[in-house]
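Just so we're clear, the structure is a prediction, and the values are computed from it rather than from any experiment.
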Amino acid sequence: MSLKSQFSTHEVKNQPQPLPNLNLWESDQPLRDAVAFNGADWAQDQLSRHGAIAGGELMEHGELANRHRPQFRGFDRHGRRVDEVDFHPSYHALMRQAMQAEVHSFSWRHEDRPGAHVVRAALMYLTSQPDAGTGCPLTMTHAAIPSLRHSPELARQWIPLLTATAYDPRTLPAAQKTACTMGMGMTEKQGGSDVRSNESRALRQADGSYEIVGHKFFFSAPMCDAHLVLAQAESGLSCFLMPRVLPDGTLNAVRIQRLKDKLGDWSNASSEVEFQGATAYLVGAEGRGVPTIIEMVKLTRLDCMIGSSSQMRQALVQALHHTSQRKAFGRLLMDQPLMRNVLADLALESEASVALTMRVARAVDAAPRDAREAAFARIATAIGKYWICKRAPAFINEAQECLGGIGYVEENILPRLYRQAPLNSIWEGSGNVQCLDVLRALQKDPEVRDALFAELAACRGQNPWLDRQAQWLLSSFNDLGTLELRSRLVVERAALALQACALFRAGQGKVAEAFCQARLGDEPGLAYGTLPASAPLDALIKRAMPQG
C-alpha cells in the first residue's frame, strides 16, 4: 500500500445528489390542484413554461442576485447627483423573465377571463421560489393598477407601460420607455403603520401638479419609474404618483439617503428618501389618500400570502429531496417514523397554505362581478396574510432541521429562505394591523361577516371539529367587549377554519380530514411533526414529493 493511499480521507458517502432542475409547476401537485379547482387551469401551458424556467436557470440567478447585493451610487465621477442603485446582472435576468411571463400584469392583460388573478397568483408563486426580492417591484407594479384607475388621465398614460411585458431598467422619462415599474412610499419615521400621522406636505402648482416636501422611511425599490406616495394636501392626506424622471429628462427631487441593511430580501433595494420639492400628480381625490392607496395594499397583501406559501413550498422540496437520499441509523431518513411525521406535517401545512391562497385569489378575481366574493376577499386577505405569513419562519426552520447542519450553511438555499421568511408578516401591515383590519371590516360591513360565515357554512357537516370551530368563531365575534384583546386568537382560528374549508371544497377530503384533526382536534400539537398515528402520512408525503 502506498503512503499516498493511507492519507486518502475524502470519499463522500451518504450525501444526496444535488437537487436537479425542476419544473416548479409540473412537479407540484397541490399547486396544480388548487389552480384547477379555482378555475384557472386554462393557462397551464404558460404556467408550465414559466415553471421550467423558474426551477431551472432562475435558481442560479436567485443565488447570485442575493449574494451580490444592490449598491447605492449617489453621485457620478463629476459630482452630479444621480441617485442610482446598481444591481447584479442576475437581478435584471430575474426581472426580465418575470415580466416576460406576465408575473406583474397577467391579471390585467387577461382581465376578461375568469381566473386571471388565480393564474397570476400561480405565476408569482413560481417566481418567488428562486428569489423573493424581485417580488417587491413586481407586486407593486401589479397592485398599482386599481389605484391608478381613480385618475383616468394618469391611468391612460401609465397603465399600458406598467402592463407591458418588456423589461426596461433605463433611467429615462416614462414616455421614452418600453415598459415601466411602480413602487410605493407610505411610511414615515414618526408613524409607521399609522400613515395618517404622515407629515410630508403637498402644495398644488398652477399647472395642476404638486410639489412634495418630506420624507419616507421605507421607500422600496427606488429604481422604479414612479411611486405612489402619501402626503398631506390642503384637504388632507392624499395619494400621489411621483415619477423618478421628469418629462424633460431631469431627475425628480427624490433624494435617496441610504439603502436599508435588511435581515433578508437582499436582492431588492429598500431605501430612505427625502422629497425636496418633488413633482407629483394627484391620484384620486384630495383627502382620500388612504382609500385610494388601499386598493393597492389589498393586492400587495395577497402577494404576501403567495410569497410565504411559495417559500414554504421550496423549503419543503429541499427537505423531501434530502431525506429521500440521506441515511441514518440504518435506513433513509424519510423512512424513519418520526421524520415521516415531520415531513407529512410540513406537507399538510404547505398544502393548506396554497389552497387558501388560491381561494383568496379567486375571490379577488370574482370581486368585480360578485358582491359576496368581494366581501369575502376583503376579510380573507387579512386573515390569510396574518396566519400564513406567521407560519413561514417556523416552517422553514423545521425544514432546516431535516437537513441538519448543512441546512444552516449558506451554500444551501434554506438560510436565504429563513432570512426572507419574516418579511411578509411585517410588510404591508404587521400581525396586529391585520387583526384590527379584520375586526374593523366585521364591525363596519355586515356583508363581510355574512361572506365569512357563508364560506364556513359551505363546509358544514364535513367534519365535527370544523363545525365546532365555526360555532366558536360565531360566538367570539358576538363578544364585542373583549374581541380586540383576543383578536389574534380569533383570527388564527378563522384562518385554520378557512384553510380546512379550502381543502374540503377543492375535493381533498383526506388532506382536509388530517388537517382538521391536527389543527382543530382535541389534541393539537404545537410543533411540526405532532400528527396523530392515524394521519395519512404516506399520502401526504406522496402528494408533496416533487415529481419529475
Side-chain angles (χ1 to χ4, degrees), residues 64-96 133-134 136-137 140-141 157-158 161 166-190 198-207 209-231 240-262 265-281:
L64 291 171
N66 281 273
R67 188 183 306 163
H68 302 281
R69 303 192 210 181
Q71 300 293 315
F72 173 50
R73 181 163 51 89
F75 301 87
D76 69 10
R77 69 186 68 183
H78 304 291
R80 297 183 182 90
R81 188 92 193 207
V82 293
D83 281 309
E84 287 279 352
V85 179
D86 296 326
F87 293 89
H88 188 269
S90 282
Y91 173 88
H92 296 297
L94 289 161
M95 285 293 295
R96 184 173 297 108
T134 51
C136 187
M140 293 186 296
T141 301
Q157 296 173 29
W158 283 90
L161 290 167
Y167 171 58
D168 187 350
R170 296 176 298 168
T171 299
L172 289 172
Q176 298 178 31
K177 299 191 67 169
T178 57
C180 288
T181 54
M182 181 74 73
M184 179 168 57
M186 290 200 297
T187 59
E188 299 182 2
K189 298 183 185 73
Q190 74 284 350
N198 282 8
E199 296 176 353
S200 293
R201 305 183 311 280
L203 181 64
R204 184 178 173 87
Q205 304 298 296
D207 64 358
S209 68
Y210 289 72
E211 281 192 0
I212 297 183
V213 175
H215 83 280
K216 294 298 170 188
F217 198 43
F218 284 91
F219 196 72
S220 198
M223 290 299 98
C224 285
D225 298 286
H227 287 73
L228 293 188
V229 304
L230 293 176
F240 299 91
L241 185 150
M242 183 178 288
R244 180 166 177 264
V245 182
L246 298 176
D248 64 2
T250 60
L251 284 178
N252 205 352
V254 180
R255 301 293 175 247
I256 299 174
Q257 303 304 298
R258 61 171 175 164
L259 299 187
K260 297 288 192 181
D261 187 6
K262 298 168 291 182
D265 201 48
W266 286 354
S267 65
N268 174 51
S270 300
S271 63
E272 296 177 28
V273 298
E274 290 183 357
F275 305 140
Q276 300 178 359
T279 298
Y281 305 93

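- Between atom SG of residue Cys136 and atom CE of residue Met184 there is a gap of 8.0 Å, rounded to the nearest 0.5 Å.
- Looking at heavy atoms from C-beta onward, Asp76 lies out of side-chain contact with Glu84 at the 4.5 angstrom threshold.
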Using side-chain contact (heavy atoms from CB on, under 4.5 Å), reason through Val254 and Phe275 one step at a time and then give a plain yes or no. CA-CA 5 Å; Val254 180; Phe275 305 140; 4.0 Å; yes

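- If you take CG on Leu241 and OG1 on Thr279, they are separated by 11.5 Å, rounding to the nearest 0.5 Å.
- Within the 4.5 Å cutoff, the side chain of Asp261 has heavy atoms near those of the Arg69 side chain.
- Between Phe217 and Lys260 there is a side-chain heavy-atom pair separated by less than 4.5 Å.
- Smallest separation of non-hydrogen atoms from Thr181 and Cys224: OG1-CA, 3.4 Å.
- Counting heavy atoms from C-beta on, the side chains of Val85 and Ile256 come closer than 4.5 Å.
- Residues Ala253 and Ala278 approach most closely at O-CB, 3.6 Å, considering heavy atoms.
- With Asp225 as reference, Lys177 is the one residue of Lys177, Arg170, Arg244 to meet the side-chain hydrogen bond (donor to acceptor under 3.5 Å, both in side chains) rule.
- Pairing each heavy atom of Gly133 with each of Asp265, the nearest pair is CA-OD1, 3.2 Å.
- Within the 4.5 Å cutoff, the side chain of Leu228 has no heavy atoms near those of the Phe240 side chain.
- Smallest separation of non-hydrogen atoms from Ala202 and Ala231: CB-CB, 4.1 Å.
- Of all non-hydrogen atoms in Pro137 and Asn268, the two that sit nearest each other are CD-OD1, 4.0 Å.
- Using a 4.0 Å cut-off between charged side-chain N and carboxylate O, Glu272 and Lys216 make no salt bridge.
- Side-chain atoms of Ser200 and Asn198 include no donor-acceptor pair closer than 3.5 Å.
- Contact of the Phe72 side chain with the Asp83 side chain is registered, since non-hydrogen atoms from C-beta on lie closer than 4.5 Å.
- Across every non-hydrogen atom of Ala179 and Ala166, the tightest pair is CB-O, 3.4 Å.
- The side-chain heavy atoms of Leu251 and Val245, taken from C-beta on, include a pair separated by under 4.5 Å.
- Once rounded to the nearest 0.5 Å, the distance linking NE2 of His92 with CZ of Phe87 reads 7.0 Å.
- Atom CZ of Arg96 sits about 10.5 Å away from atom OG of Ser90, to the nearest 0.5 Å.
- The aromatic rings of His227 and Phe219 sit parallel to each other, their planes meeting at less than 30°, with 60° as the upper class boundary.
- Enclosure of atom CZ in Arg255 by more than 12 non-hydrogen atoms of other residues, nucleotides or ligands within 6.0 angstrom is indicated.
- For His215 (side chain) and Lys189 (main-chain N/O), a donor-acceptor pair under 3.5 Å exists by modelled atom type.
- A distance-only check finds a donor-acceptor pair linking the side chain of Thr141 to the backbone of Met182 [under 3.5 Å].
- With a 4.5 Å cut-off on side-chain heavy atoms, Met95 and Pro169 do not count as touching.
- Atom-to-atom distance recorded for Arg204:CZ and Ser209:OG is 8.5 Å, nearest 0.5 angstrom.
- To the nearest 0.5 Å, the span separating CD on Gln205 from CD on Glu211 amounts to 4.0 Å.
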